[in-house]
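To start, the structure under review is shown below, and the notes come after it.
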Amino acid sequence: MRLNGEISHREGEGEGEEEAENEVGSSQKVVVGYALTSKKKKSFLQPKFLSFARNKGIFFVAIDLNKPLLEQGPFDVVLHKLSGKEWREVIEEYSEKHPEVTILDPPDAIQHLHNRQSMLQDVADLNLSDCYGKVGVPRQLFVIKNPSTIPYEITKAGMKLPLVAKPLVVDGTAKSHELFLAYDEFSLSELEPPLVLQEFVNHGGLLFKIYIVGETIKVVRRFSLPNISEHELSKVDGLFRFPRVSCAAASADEAYLDPTIAEHPPRSLLERLAGELRRRLGLHLFNIDMIREYGTKNVFYVIDINYFPGYGKMPDYEHVFTDFLLSLVQNKFKKKPDT
Ligand SMILES: Nc1ncnc2c1ncn2[C@@H]1O[C@H](COP(=O)(O)OP(=O)(O)OP(=O)(O)O)[C@@H](O)[C@H]1O
Ligand SMILES: O=P(O)(O)O[C@H]1[C@H](O)[C@H](O)[C@H](OP(=O)(O)O)[C@@H](OP(=O)(O)O)[C@@H]1O
Ligand SMILES: [Mg+2]
Ligand SMILES: [Mg+2]
């Protein structure tokens with residue numbers, strides 16, 4: 001936490017402006033260095049968020065990627081979402097030299113979500129079920145090399161069609177979001193490994209995005225792929241690429257939906273799932289794509305977990321995020337031995 005006079009250039013503040021006394025009137029400031037793509041900066045560092053944060057004494061400072069990170073700052077927090085081994089090494093070196101700075105989030109923890117096998121392994125291991133419901137992962141098969149063996153492997157594994165085919169690697173490129181629906185196992189050999197094949201679970205065309213920001217959980221409904229009937233399955237063959245149906249900010253929260261489909265997952269189940277994943281993944285910032293098996297009350301499947309997702313699409317994100325950043329720094333302050 002910085003006191004007056006220690007801040008260099010700040011995002012979103014004109015030259016020579018009086019330093020904004022933050023809302024609580026204290027002169028303590030939190031400096032967040034960020035390294036984000038321009039797309040992410042635009043969607044996440046919205047003006048309303050920057051000004052709200054500034055009033056809380058939080059200032060965002062762009063990290064100059066053309067200068068050594070160690071020569072920049074000082075920062076209380078470093079917030080980043082960039083791909084590539086080189087950037088990971090920069091952050092790891094910085095974190096070793098500056099253990100006092102909170103890194104959101106550690107690169108090796110983020111890496112865990114860049115592979116759709118390791119991504120869901122913790123959920124599968126959890127095998128979470130209690131009196132409020134059950135959370136699992138759809139049956140899936142990983143195809144690393146030879147696509148010609150897919151039909152045999154699918155049959156051997158007793159996988160039920162249709163299947164969703166997803167690139168195994170999630171690296172922020174458009175390619176990692178190229179998904180296909182397969183109505184027969186033979187057409188799958190046209191796909192390019194490495195990939196994961198997941199059983200398609202009917203879920204009434206609605207998906208829950210469970211946003212996690214530290215200890216906070218926010219549930220958003222999003223439209224999703226419609227159910228596929230046995231009749232349709234018997235009539236259709238082949239492979240169909242589909243668009244990113246659930247990514248648009250257009251939430252389904254305002255639409256009238258069948259309550260048995262649209263009812264949020266039980267809070268207690270979400271609290272347990274979020275708590276376990278925060279601990280096992282070692283992440284503060286992620287969301288969970290969860291679907292309810294159509295026709296059941298509380299049988300849920302996690303189909304995707306995303307690092308530092310589109311928080312700008314999350315209602316009230318500016319309050320949630322600023323409270324989170326303040327709590328991070330205040331908790332660190334409390335832990336500091338009396339000097
Ligand atoms: N096993 C499944 N059963 C039913 N529908 C699925 C399944 N897997 C994916 N889908 C549908 O495909 C959409 C995209 O899947 P997924 O979220 O895994 O891809 P993604 O590229 O990681 O998307 P994003 O990162 O933008 O959330 C889901 O929102 C859902 O509509
Ligand atoms: O609707 P959400 O917030 O889930 O959309 C996210 C998406 O889930 C992924 O997290 C995207 O990141 P990549 O997987 O790295 O592509 C996010 O894109 P980003 O540009 O905001 O990081 C989507 O917003
Ligand atoms: Mg998803
Ligand atoms: Mg995803």
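First listed ligand is number 1; within each ligand, the first listed atom is number 1.
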- Please walk me through it: do D122 and H112 pass side chain to side chain donor-acceptor pair (under 3.5 Å)? CA-CA 10 Å; D122 288 309; H112 202 72; 3.1 Å; yes

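- A donor-acceptor contact shorter than 3.5 Å links the side chain of D130 to the backbone of G133.
- Residues L239 and L188 come closest through the heavy atom pair CD1-CD2, 4.1 Å.
- Within a 6.0 Å radius of CZ in F324, other residues, nucleotides and ligands contribute more than 12 heavy atoms.
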- Quick one: do I303 and K166 satisfy side-chain contact (heavy atoms from CB on, under 4.5 Å)? Show the steps, please. CA-CA 11 Å; I303 56 172; K166 310 180 185 183; 4.1 Å; yes

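- Look at Q140 and you'll find every heavy atom at least 4.0 Å from all atoms of ligand 1.
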- Query: So R116 and D304, salt bridge (charged side-chain N to carboxylate O under 4.0 Å, His left out) or not? Walk me through it.
  - Reply: CA-CA 8 Å; R116 292 188 191 265; D304 180 30; 3.6 Å; yes

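- Among protein heavy atoms, atom 8 (N) of ligand 1 sits closest to K166 NZ, 3.0 Å.
- Residue-to-ligand polar distances place V201 within reach of ligand 1: an N/O pair is separated by less than 3.5 Å.
- Of all N, O or S atoms in D289, the one lying closest to the Mg ion (ligand 3) is OD2.
- When heavy-atom distances to ligand 1 are checked against a 4.0 Å cut-off, L225 comes that close through both its backbone and its side chain.
- If you check each of V302, D304, L120 against atom 16 (P) of ligand 1, the one with the closest non-hydrogen atom is D304.
- Salt bridge K160/E199: absent, no basic N to carboxylate O contact under 4.0 Å.
- Using a 4.0 Å cut-off between charged side-chain N and carboxylate O, E89 and K85 make a salt bridge.
- For atom 20 (P) of ligand 1, the nearest non-hydrogen atom from the set E178, H203, H177, K209 comes from H177.
- The residues R280 and E276 are annotated as salt-bridged, a charged nitrogen and a carboxylate oxygen being separated by less than 4.0 angstrom.
- Under the 4.0 Å criterion applied to side-chain N and carboxylate O atoms, E92 and R88 are not assigned as salt-bridge partners.
- When hydrogens are left out, the protein atom nearest atom 25 (O) of ligand 1 is N306 OD1, 2.8 Å; that is the closest non-hydrogen contact.
- Regarding atom 31 (O) of ligand 1, its nearest protein heavy-atom neighbour is S224 OG, 2.5 Å.
- At a cut-off of 2.8 Å, D304 is counted among the residues with an N, O or S atom near the Mg ion (ligand 4).
- Between Y317 and F49, the ring center distance clears the sub-6.0 Å criterion.
- Using cut-offs of 30° and 60° for the angle between ring planes, the F52 and H319 rings count as tilted.
- Among protein heavy atoms, atom 10 (N) of ligand 1 sits closest to I303 CD1, 3.8 Å.
- The shortest contact between atom 14 (C) of ligand 1 and any protein heavy atom is with L179 CD2, 3.5 Å.
- For atom 29 (O) of ligand 1, the nearest protein heavy atom (residue, atom name, distance) is S246 OG, 2.6 Å.
- Ligand 1 is approached by F242 to a heavy-atom distance shorter than 4.0 Å.
- Metal site remark for the Mg ion (ligand 4): S176 contributes no N, O or S atom at a distance under 2.8 Å.
- Annotation for ligand 1: atoms under 4.0 Å from non-hydrogen atoms of V245 are 31 (O).
- Summary of contacts: the protein heavy atom closest to atom 26 (O) of ligand 1 is R244 NH2, 2.8 Å.
- Contact between R222 and ligand 1 is absent, with no heavy atom of the residue lying under 4.0 Å from the ligand.
- Every atom of ligand 1 with a heavy atom of D289 under 4.0 Å away is listed here by number and element: 17 (O), 27 (O).
- The protein heavy-atom contact nearest to atom 1 (N) of ligand 1 is Q198 OE1, 2.9 Å.
- Only the side chain of R116 comes within 4.0 Å of ligand 1, counting heavy atoms alone; its backbone N, CA, C and O stay farther away.
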- Could you please spell out the steps behind the salt bridge (charged side-chain N to carboxylate O under 4.0 Å, His left out) verdict for E232 and K235? CA-CA 5 Å; E232 182 186 346; K235 292 267 182 239; over 6 Å; no

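- If you number the atoms of ligand 1 from 1 as listed, the ones under 4.0 Å from a heavy atom of P138 come out as 1 (N).
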